[in-house]
Number of protein chains: 2
Amino acid sequence: MFELDMKSRKAISDQIIENMKELIVSGVLKPDDRIPSVRELAGQLLVNPNTVAKAYRILEAQGYIFTVKGRGTFVADTQSMPVDSRELKEAETHIRDSINKLYYLGISKERAKEIIDKIVEERGDWK
Amino acid sequence: MFELDMKSRKAISDQIIENMKELIVSGVLKPDDRIPSVRELAGQLLVNPNTVAKAYRILEAQGYIFTVKGRGTFVADTQSMPVDSRELKEAETHIRDSINKLYYLGISKERAKEIIDKIVEERGDWK
DNA sequence: ACAGTGTACTATGTGTAGTAGTACACTTGT
DNA sequence: ACAAGTGTACTACTACACATAGTACACTGT
């Protein structure tokens with residue numbers, strides 16, 4: 001399904017969340033598709049089932065998946081999902097911090113815009 | 001000099017580092033200006049001297065300040081400082097993560113560009 | 001000599017992430 | 001009815017980073 005970077009400083013649960021969001025939003029996983037069970041994905045990734053369960057819990061709270069007791073976990077319909085203003089605000093704060101880092105490095109505004117635009121365009125499938 | 005947000009999830013040492021970079025890069029603190037001693041700043045911010053010392057240690061490693069034993073810590077000349085490619089790469093990764101978050105929220109590329117541009121332009125003094 | 005400086009070290013407490021193990025209610029297929 | 005698989009909810013333990021507390025040392029300027 002995907003792989004983890006155990007050398008990363010990022011939390012394993014966060015990596016699972018990001019990879020799942022990628023698959024869901026990009027359309028690899030369609031609405032109502034079933035995703036691996038907590039125990040199954042934990043087995044694939046060689047991590048503890050509790051860690052996967054934590055990731056699923058957060059993904060469900062954010063509306064990306066939904067669970068049916070005893071049956072499994074499924075992909076939600078992200079198309080009809082309104083943009084969560086709280087998450088958007090958090091994302092904007094992250095971007096502001098990132099841009100500040102470029103500023104602190106002494107990079108010019110024009111150069112910074114080039115760098116950012118390059119990264120945006122890396123997503124050929126976007127929009 | 002500046003204030004800390006004790007309710008923030010950001011580490012105190014990281015907040016000190018960011019605030020110092022802001023003052024140095026924006027030109028409030030000029031090269032060879034002396035910055036408060038470890039004990040003095042710790043007293044102002046009501047944190048432990050070790051925490052300030054850690055922040056200063058990192059700032060020196062990144063080239064923003066330099067220390068003279070027994071005399072104090074001073075602002076380095078960031079103008080003549082070459083852009084550290086390792087730090088630049090880290091910043092780019094950070095930006096990529098942030099932009100992905102916008103993508104996961106289902107925001108269009110055009111909308112994302114507007115949001116980013118607005119944040120960049122918040123820095124009226126840049127370049 | 002003295003006060004102030006950065007630096008280094010140990011010890012302690014706290015919070016978070018992750019692992020390990022167990023238990024329970026539910027659904028499906030037999 | 002039964003077994004297997006599902007999500008969920010606990011507790012306990014380890015590991016790590018952060019911050020605090022206290023002490024000590026070498027250096028500088030007066």
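We name chains A, B, ... by the order of the sequence lines, and we start the count at 1 in each one. What's counted below: heavy atoms across the whole structure, side chains too, no hydrogens, waters or symmetry copies.
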**Request:** Taking all heavy atoms of B:Leu29 and all of B:Met1, pick out the closest pair and write down the distance.
**Result:** CD1-CE, 3.8 Å
**Prompt:** Considering only heavy atoms, which members of residues 3-21 of chain A lie under 4.0 Å from some atom of DNA chain C?
**Reply:** A:Ala11, A:Ile12, A:Ser13
**Asked** If each of B:Arg57 and B:Gly72 is mapped to the nucleotide of DNA chain C with the nearest heavy atom, which maps nearer the 5' terminus, i.e. the 5' end?
**Response** B:Gly72
**Message:** Under a 4.0 Å threshold between the charged nitrogen and the carboxylate oxygen, would A:Glu114 count as salt-bridged to A:Lys118?
**Reply:** no
**Prompt:** For A:Thr73 and D:dG7, is the shortest distance between a side-chain N/O and OP1 or OP2 below 4.0 Å?
**Reply:** yes
**Message:** Can you measure B:Leu45 atom CG to D:dA19 atom P for me and round it to whole angstrom units?
**Reply:** 12 Å
**Request:** Flag yes if more than 12 heavy atoms outside A:Glu121 fall under 6.0 Å of its CD atom; otherwise flag no.
**Result:** yes
**Complete:** Between B:Tyr56 and B:Pro36 the two heavy atoms that sit nearest each other are OH-O, 2.8 Å
**Request:** Take the protein atom CD of B:Glu60 and the nucleotide atom C1' of C:dG6, then report the distance between them rounded to whole Å.
**Result:** 9 Å
**Message:** Rounding to an integer number of Å, can you tell me how far A:Lys54 NZ sits from C:dG18 C1'?
**Reply:** 8 Å
**Prompt:** Are any of A:Thr67's side-chain N or O atoms less than 4.0 Å away from OP1 or OP2 of D:dT8?
**Reply:** yes
**Prompt:** So does A:Arg123 pair up with A:Glu22, basic N to acidic O under 4.0 Å?
**Reply:** yes
For nucleotides 22-30 of chain D, give me every protein contact, N/O to N/O, under 3.5 Å, one pair per line with atom names.
residue, atom, partner, partner atom, Å
D:dG22, O6, B:Asn50, ND2, 3.2

**Prompt:** Considering all heavy atoms of both residues, which atom of A:Tyr104 and which atom of B:Tyr64 are nearest to each other, and what is their separation?
**Reply:** O-OH, 2.9 Å
**Prompt:** Would you find more than 12 non-hydrogen atoms of other residues, nucleotides or ligands less than 6.0 Å from A:His94 atom NE2?
**Reply:** no
**Request:** Could you tell me whether the phosphate oxygens of C:dT5, OP1 or OP2, come under 4.0 Å of any side-chain nitrogen or oxygen in B:Ser37?
**Result:** yes
**Asked** Starting at CG of A:Leu46 and ending at P of C:dT19, how long is that distance when rounded to a whole Å?
**Response** 10 Å
**Interatomic distance where CZ belongs to A:Phe74 and P belongs to C:dT27 [whole Å]** = 12 Å
**Request:** Decide if atom CZ of A:Arg111 counts as having more than 12 heavy atoms of other residues, nucleotides or ligands within a radius under 6.0 Å.
**Result:** no
**Request:** Locate the shortest heavy-atom distance separating A:Ser26 from A:Asp125; write the atom from each residue and the value.
**Result:** CB-OD2, 4.5 Å
